[in-house]
Number of protein chains: 2
Amino acid sequence: MLSAAPTKVSAMTTTSPQGRTELLRPDGSPVRVLVVDDELSITELLSMALRYEGWQIRSAGDGTGAVQTAREFRPDAVVLDMMLPDMDGLTVLGRLRRELPDVPVLFLTAKDAVEDRIAGLTAGGDDYVTKPFSLEEVVARLRGLIRRSGAADRRSESVLVVGDLTLDEDSHEVSRGGDNIHLTATEFELLRFLMRNPRRVLSKAQILDRVWSYDFGGQANVVELYISYLRRKIDAGREPMIHTRRGAGYLIKPAVS
Amino acid sequence: MLSAAPTKVSAMTTTSPQGRTELLRPDGSPVRVLVVDDELSITELLSMALRYEGWQIRSAGDGTGAVQTAREFRPDAVVLDMMLPDMDGLTVLGRLRRELPDVPVLFLTAKDAVEDRIAGLTAGGDDYVTKPFSLEEVVARLRGLIRRSGAADRRSESVLVVGDLTLDEDSHEVSRGGDNIHLTATEFELLRFLMRNPRRVLSKAQILDRVWSYDFGGQANVVELYISYLRRKIDAGREPMIHTRRGAGYLIKPAVS
DNA sequence: TGTGTTTCTCAGGGGATTCACAGGTTGCGG
DNA sequence: CCGCAACCTGTGAATCCCCTGAGAAACACA
């Protein structure tokens, strides 16, 4: 697979001091992501979240800016809103592809602009999420795209492990100590977020911002509720892995410790 | 038979970490495919999908471009629209053959095209699909052509196996636990797509983009419908292999687990 | 043209999921 | 030991997602 990008992204992973695993390029430099959306609030939100992943971010507000930035920034992945002021999403895509033939693209589409020709978008291994999205979802899909685009020598796993608890991001399977556990979509996302930050306290606000869509306007205690659901399913009768830090938040860690 | 192609493609396969098998040339370099069509949207779509297969793609928009590109790119296979602006499909074919005597060609034809002409052409081991096509179909045929052109020593399998379920891409035969199962064309394509991505959740959008023709504009719930048909045929009264991940998509996996 | 097959739309039903609400429980400072 | 704040969780309603039967339309083949 040919890449015009300066360096190939392979699915190397490294574990940071905090215990978070991050994607890196083969030369150890951070992954580069280009974010394209005309709403400033969205690009800001995404930039912040993706930078938190340890990635290097650039953003553009329209199609021409996107193509220009892509040319010199040479990102390893692109987040592209399909609704841009200056040109059609597909046109932007075409021009981007001319610059970077193999770069994976994560499309942002409006939910209510139902099926407005989303056809073929996922065909090339690309992916999309609908607005309003949750950051956890965007990050997860982006990681998937980058991991897969790493081609031949990728051997990076799609499985998160904390103690005897495992979560497979490809098959969406979760098990503890060999027992399969069925989780709903939201439970899955929450657990993924916890497991990607083991032994670290996550506040309810953080969780809400990350796992729920950015336009969620409900009660903050959904987090408590879903933590309760998760405990029932993964800590049921076992040594608990999910812990409450009163006044601070929640954390997950191996049961043994 | 002598070949002008730089390297002969043999039916070597390798299995990626995700479990997808990919075709490679004997020297380990990626397979090269030339795509010729005058509609940009088609070449883009095909390039996207074929690149995702791990192949190296070039495209051309007319006959002269095709011959030129073929001369220097030396593809292992060609996808050729029979309806080009500058010259007749047969002429293009002739010139291509002069450059690359043994390269297999996949023809794209309009539905109502004269079948007999094509039939004559495919006698030589080439193949064709009619527009509008599904990507699964194009990829499958192309894989077949490339595999077969690898001549004598191909021992690569055209049979997908997941648990006790087998699907033969050449004979289109499907069986589970020894029992033969009759599938319609669409059911077959869907099952093939699932089986080529075992243990991985595939969204309805992904399935639609891949299994249905690019111009399909219908209801997204055809996917649900066909999943339902497949279950009736392959999971009937047995341990189910097709699973729903509510809110995410579907996946297939061996029944045992 | 006629017949059987296949594809697809439509709509009803049902179960799963999400979430608000409210009352109960726990931990902690005084 | 009290009282408050933080947290937990049962209940139930609204919604969403998925499944599937019925039948119309398109197609294949003789």
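Every chain is numbered from 1, with letters handed out A, B, ... down the list of sequences. What you see below is based on every heavy atom in this structure, not just the backbone, and it leaves out hydrogens, waters and symmetry mates. These numbers come from a predicted model, not from an experiment.
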Search all heavy atoms of A:L191 against all heavy atoms of A:I252 and return the closest pair with its distance.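 In this case the closest contact between A:L191 and A:I252 is CD1-CD1, 3.9 Å.
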
To check you understand the geometry: which heavy-atom pair defines the closest contact between B:E189 and B:E137, and what is its length? OE1-N, 3.5 Å

If you check the [X] side chain, which of [options] turns out closest?
X: A:Y226; options: C:dC19, C:dT7, D:dC7; value: C:dC19
X: B:Q219; options: D:dC16, C:dT18, C:dC10; value: C:dC10
X: B:T244; options: D:dC19, C:dG27, D:dT20; value: D:dC19
X: A:F216; options: C:dG14, C:dC19, D:dC7; value: C:dC19
X: B:K204; options: C:dT6, C:dC19, D:dC18; value: D:dC18
X: A:R232; options: C:dC8, D:dG10, D:dC17; value: D:dG10
X: B:H182; options: C:dT6, D:dC19, C:dA16; value: C:dT6
X: A:N221; options: D:dT9, C:dT18, C:dT9; value: D:dT9

Donor-acceptor pair under 3.5 Å, B:R246 side chain vs D:dC17 base: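 Present.
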
With hydrogens left out and only the distance checked, is there a donor-acceptor pair under 3.5 Å joining B:Y229's side chain and the base of D:dC19? no

Can you tell if the side chain of A:M48 reaches within under 4.5 Å of the side chain of A:D209, non-hydrogen atoms only?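 They are not in side-chain contact.
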
A side-chain contact here means heavy atoms from C-beta on lying under 4.5 Å apart; do B:R246 and A:T184 qualify?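 Of all side-chain heavy-atom pairs linking A:T184 with B:R246, none is under 4.5 Å.
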
Need one value for B:Y250: base, sugar-phosphate or nothing, where a base atom within 4.0 Å counts as base even if backbone is also close, heavy atoms only.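 The residue B:Y250 makes sugar-phosphate contact but no base contact.
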
Base, sugar-phosphate, or nothing for A:I227, non-hydrogen atoms under 4.0 angstrom?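 Contact class for A:I227: none.
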
